[in-house]
Amino acid sequence: MKTPLLDRIAQPGDLKKLTGPQVVQLCAEIRGFLLENIARTGGHLASNLGTVELTVALHRVLKTPQDKIVFDVGHQCYTHKLLTGRKEGFSKLRQLDGLSGFPNPRESVHDAFIAGHGNTALSLAIGMAQAKKLKGEPGQVVAVIGDGAFTGGMVYEGMNNIGTLNNLIVILNDNKMSISKNVGTLARYLTRLRTNPRYFQVISNVSEALEAIPTVGPPLRQALSSGKALVRRAMYHSTMFEDMGFQYIGPVDGHKVLELEETLKNIRVRSGPLFLHVVTTKGKGYQPAERNPGEFHGVSAFDPAGKLDPEMAPGESFSVAFGKALAEAAKTNPKICAITAAMKYGTGLQFFQHQCPERFFDVGMAEQHAVTFAAGLASEGMLPVVTIYSTFLQRSYDQIIHDVSLLSENVLFAIDRAGLVPADGETHQGIYDPAFLSQVGVPVYSPSNYPELCFWLRKLLDDTMEGPRAIRYPRGAESKALAAYGCSGQLFDKVYSSEQAETALVSYADETEDMLGACSLLKDKGVPCDGYKLIRIYPFTEELLCALSRYDVVLFAEECVSQGGIGEHLAFALTQRRWKGRFIHRAVDRTKLTHAAVPELKRILGLSAEQLAQAVCSAWEEP
């Protein structure tokens, strides 16, 4: 599509040259550009369509990088990137050497901080604002926070420390819809704030009456605008935000860009800290996204005219296979409960909610609470299944150690997006969970196809199982090559055999496919080898250790951090058996991974089939 005004914006200063009507047109161009480009590359759609006017108004009023904008969560930053000279980069959004899907100071001076996990912006903004005060620097710090973030506890920890910062503005982007619909008391509170007709009727009547008075009416109306706060306090006694030390302004319409700009100009001269409540519509301007913002939160490339309702016909994936299998198991086991942290659709738990709504719990963006809540359920005889992305589960490590493991509570962790993650993987890699769970002795299962996932999920839900355990699975659909192996029901399988093999290649989950490819390449090079696929990756069985002890060279490949990973555990276990062979560990040896496709990440990390085969050849060539 043609974007004549957007093409003129090379830096935020160019935005300030536009007239009011041009600003409205620019917002329409940005919305069309985002829809067209995200449909082609994939990315976060609904959240960005909902924040176009808010971001434009911010850049019309602020002066970055002197002023700082901190996003929570950062996936709503696409308009910000367009207005800061990165329009051309959208052709490679979230691709190797392309534009990140999140703010990143290494990409632009206009990006204040990296922001891939929610619930962090207020604490960051307070730190930045305090630093400006200590250094005597000008400028304001603005934290743009989605209402979903207020279901997590870190926001309240930050609110308790705002002090009297007069260079801090917090903007609540209240779109009534985080990734999954907001739940709980806070969501109901915000709804009451933004919808109470008494408040709006009083304000409307007063404004209309004052406007009708010649000469003195309009100035008086302006002078009494602060009376809104008095009316609101009379109705609600106070707002929670005012009680925490903020000056509360709002709610205001987040899609009337010129009014929003005027509001920002007016409030920024007040003495802070300030709290601006902005009401927006997630997916604004694209009807399918407005109707189903959860489906359009993060999308792969898609046909804008052809998306389906996720409740009715989601695509096949490990998440969907898991969700359906868990819902089926819950039919006959009344103890099973499902817990998610604002990720019902992302984890496939919509099926469970439909089947057993009274045993489904979306605790909001609160992974720590999710785990300890599960421990409480388990202590009273229930069987909670905590279903969280790997990258977010790491936020609850203390609760796993202290509240689940110490008393061996009967909790099953279902870990979605495990292993290497494409596109947004810079902040969303699932490379830590095998290491941190194995450190506290939690058994970990890592199936490589749907039959294995369903089989072992049923096993792990059985009444004979006790204590904490985990099942992890990758993002997206199963590999056709790995699907062909089906499910043996064994804790490990020998999936490749060669006569007189003195080398064993071992892996689990998706990396098994590269391991098998390496076995084939080695055969062509005249290096016979055997291949093993682990399902329970920790702890190891004596049968596995005995089998591997017979080889002179063992290569272990995994999509997990190398230090503390499963490979290190295996090397130690073999050494304890006085094995004298050569151990090769190929894993994630750097934790600051870029955003790229998984095959590209594997080549960067030395985990491709060709690189695994070369590592084995080099080991045999060395004296």
Side-chain angles (χ1 to χ4, degrees), residues 390 397 400-401 405 408 413 415 418-419 430-448 452 456 459-460 465-472 488-498 501-512 514-516 518-519 529-589 605-607 612 615-616 618-620 622:
S390 173
Y397 192 34
I400 292 171
I401 295 172
S405 289
S408 296
F413 295 98
I415 306 171
I431 57 176
Y432 297 101
D433 63 273
F436 68 67
L437 289 174
S438 62
Q439 298 303 317
V440 290
V442 175
V444 182
Y445 296 73
S446 194
S448 59
E452 287 181 347
W456 287 104
K459 284 283 189 182
L460 294 172
M465 301 292 288
E466 296 179 349
R469 60 255 190 207
I471 186 166
R472 61 192 305 275
S488 69
Q490 302 300 311
L491 293 175
F492 72 93
D493 294 315
K494 188 177 183 181
V495 290
Y496 194 95
S497 297
S498 301
E502 297 178 341
T503 300
L505 279 69
V506 190
S507 192
Y508 58 90
D510 273 2
E511 183 61 19
T512 301
D514 291 271
M515 179 270 287
L516 289 167
C519 289
C529 60
D530 294 337
Y532 291 83
K533 173 170 64 73
L534 306 188
I535 290 86
R536 192 177 76 184
I537 63 176
Y538 187 84
F540 311 116
T541 65
E542 280 299 311
E543 184 183 2
L544 174 68
L545 296 175
C546 181
L548 296 181
S549 295
R550 296 195 293 265
Y551 297 93
D552 293 327
V553 174
V554 173
L555 179 143
F556 190 86
E558 60 179 328
E559 297 176 22
C560 172
V561 288
S562 57
Q563 294 186 340
I566 302 302
E568 285 200 348
H569 287 299
L570 181 58
F572 178 75
L574 290 172
T575 301
Q576 291 295 98
R577 297 176 63 91
R578 294 184 171 82
W579 178 66
K580 302 298 183 182
R582 176 166 296 183
F583 190 87
I584 307 167
H585 188 199
R586 287 290 179 268
V588 180
D589 57 3
L605 295 167
L607 287 169
L612 298 181
V616 170
S618 298
W620 279 107
E622 293 176 6

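Values below: all heavy atoms of this structure, side chains included; hydrogens, waters and symmetry mates excluded.
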Asks: Can you confirm whether Leu437 sits close enough to Arg472 that some side-chain heavy atom of one is under 4.5 Å from a side-chain heavy atom of the other?
Replies: no
Asks: Students often mix this up, so state it plainly: with edges at 30° and 60°, are the rings of Trp579 and Phe583 parallel, tilted or perpendicular?
Replies: perpendicular
Asks: For Glu466, I'd like to know if atom CD has over 12 heavy atoms of other residues, nucleotides or ligands within 6.0 Å.
Replies: no
Asks: List the atom of Asp433, the atom of Ala418, and the distance in Å for their closest heavy-atom pair.
Replies: OD1-CB, 4.3 Å
Asks: Over all heavy atoms of both residues, which pair between Ala470 and Ile415 is shortest? Give the atoms and the distance, please.
Replies: CB-CD1, 4.0 Å
Asks: I want to check something: taking the side chain as every heavy atom from C-beta on, are Gln490 and Glu543 in contact at a cut-off of under 4.5 Å?
Replies: no
Asks: Are Glu502 and Trp620 close enough that some pair of their side-chain heavy atoms sits under 4.5 Å apart?
Replies: yes
Asks: Of the non-hydrogen atoms in Gly564 and Gln439, which two are nearest, and what is the gap between them?
Replies: O-NE2, 3.3 Å
Asks: How many angstroms lie between CH2 in Trp456 and CG in Leu491, if you round to the nearest 0.5 Å?
Replies: 4.0 Å
Asks: Could you check whether any side-chain N or O of Asp589 sits under 3.5 Å from a backbone N or O of Val561, counting only pairs where one atom can act as donor and the other as acceptor?
Replies: no
Asks: Kindly give the heavy-atom pair with the smallest separation between Val616 and Leu505, and that separation in Å.
Replies: CG2-CD1, 4.1 Å
Asks: Looking at Phe436, is its backbone amide N or carbonyl O close enough to the side chain of Tyr397 to form a donor-acceptor pair, meaning the two atoms are under 3.5 Å apart?
Replies: yes
Asks: Test side chain to side chain contact (heavy atoms under 4.5 Å, CB included) on Phe413 and Val444; report intermediate values, then the result.
Replies: CA-CA 9 Å; Phe413 295 98; Val444 182; over 6 Å; no
Asks: Within the structure provided, determine whether Asp514 and Leu607 are in side-chain contact (heavy-atom separation under 4.5 Å).
Replies: no
Asks: Do Ile471 and Pro447 have side-chain heavy atoms sitting under 4.5 Å apart?
Replies: yes
Asks: Output the distance between atom CD1 (Ile537) and atom OH (Tyr445), rounded to the nearest 0.5 Å.
Replies: 11.0 Å
Asks: With rounding to the nearest 0.5 angstrom, report the CG to CZ distance, Leu574 to Phe540.
Replies: 8.0 Å
Asks: So does Leu460 get a backbone contact from the side chain of Arg469, meaning a donor-acceptor N/O pair under 3.5 Å?
Replies: yes
Asks: Considering all heavy atoms of both residues, which atom of Ser446 and which atom of Ala509 are nearest to each other, and what is their separation?
Replies: OG-CB, 3.4 Å
Asks: Is there side-chain contact between Glu559 and Ser507, with heavy atoms separated by less than 4.5 Å?
Replies: no
Asks: Is Lys459 atom NZ crowded by more than 12 heavy atoms from other residues, nucleotides or ligands, each under 6.0 Å away?
Replies: no
Asks: Any side-chain to backbone donor/acceptor pair from Ser498 onto Ala501? Under 3.5 Å, distance only.
Replies: no
Asks: Is any side-chain heavy atom of Met515 less than 4.5 Å from a side-chain heavy atom of Val495?
Replies: yes
Asks: Would you say that Arg582 contacts Glu622 through its side chain, given a criterion of any heavy-atom pair below 4.5 Å between the two side chains?
Replies: yes
Asks: Mark yes or no for whether Glu558, through its side chain, and Gly565, through its backbone, hold a donor-acceptor pair below 3.5 Å.
Replies: no
Asks: With side chain to side chain contact (heavy atoms under 4.5 Å, CB included) as the criterion, how do Leu555 and Thr503 come out once you've worked through the C-alpha distance, each side chain's angles and the decisive distance to 0.1 Å?
Replies: CA-CA 8 Å; Leu555 179 143; Thr503 300; 5.7 Å; no
Asks: List the steps, then state whether side chain to side chain contact (heavy atoms under 4.5 Å, CB included) holds for Leu545 with Leu570.
Replies: CA-CA 8 Å; Leu545 296 175; Leu570 181 58; 3.7 Å; yes
Asks: Looking at Ser448 and Lys533, what are the two nearest heavy atoms and their distance?
Replies: OG-CD, 3.4 Å
Asks: Roughly how far, to the nearest 0.5 Å, is CG of Leu544 from OH of Tyr532?
Replies: 8.0 Å
Asks: Ring-plane angle category for Tyr508 and Phe556, please: parallel below 30°, perpendicular beyond 60°, tilted otherwise.
Replies: tilted
